[in-house]
Amino acid sequence: MSFRHNPEEIVKRNAQLYEKYGRHLEKEHKGKYIAISEDGQIIVDSNDVQAAQKAIEKFGPGRFAFYKIGFKAIGKWRIISAYL
């Protein structure tokens, strides 16, 4: 996936990935961070930066959804201009 896609499409895709692959982890891993690839692979870590770094290395930048398990939002994320 490229950052050139419509932001609404990205939000919708990410929500679908979380519902399908992340929601069931809420009881056991609430408060940890999850990265979910487009094909359903997951990375769970208690450290947000480590989870994001692992996901970028494994899935590629922009090719995963990123959530704090059990929460609707984790804060504001900025797109780095190098990826545009």
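Summarising the geometry of A35 relative to A55, their closest heavy-atom pair is CB-CB, 3.4 Å, with the distance given to 0.1 Å. Of all heavy-atom pairs between I34 and G22, the closest is CD1-CA, 3.9 Å. Residues A52 and F64 approach most closely at O-CZ, 4.3 Å, considering heavy atoms. In this structure, V44 and H29 approach most closely via the heavy-atom pair CG1-ND1, 4.1 Å.
To the nearest 0.5 Å, atom CD1 of residue I69 and atom NE2 of residue H24 are 9.0 Å apart. Atom CD of Q53 is separated from atom CD of E57 by 7.0 Å, given to the nearest 0.5 angstrom. To the nearest 0.5 Å, atom CD1 of residue I36 and atom CZ of residue R63 are 15.0 Å apart. Taking CD1 of I42 as the reference point, atom CZ of F59 lies at 8.5 Å (rounded to 0.5 Å).
In this view, Q50 and D45, N47 satisfy the side chain to side chain contact (heavy atoms under 4.5 Å, CB included) rule, not counting sequence neighbours. With sequence neighbours left out, Y18 forms a ring-ring contact (aromatic ring centres under 6.0 Å, His included) with Y67. Residues satisfying the salt bridge (charged side-chain N to carboxylate O under 4.0 Å, His left out) test with E19, not counting sequence neighbours, are R23. A search for salt bridge (charged side-chain N to carboxylate O under 4.0 Å, His left out) contacts involving K32 returns nothing, not counting sequence neighbours. K58 meets the side chain to side chain contact (heavy atoms under 4.5 Å, CB included) test with Q41, I43; sequence neighbours excluded.
The cationic group of K30 lies under 6.0 Å from the six-membered ring centre of F71 and within 45° of the ring axis, placing it in a cation-pi geometry.
In this structure the side chain of K12 reaches within 4.5 angstrom of the side chain of Q16, judged on heavy atoms.
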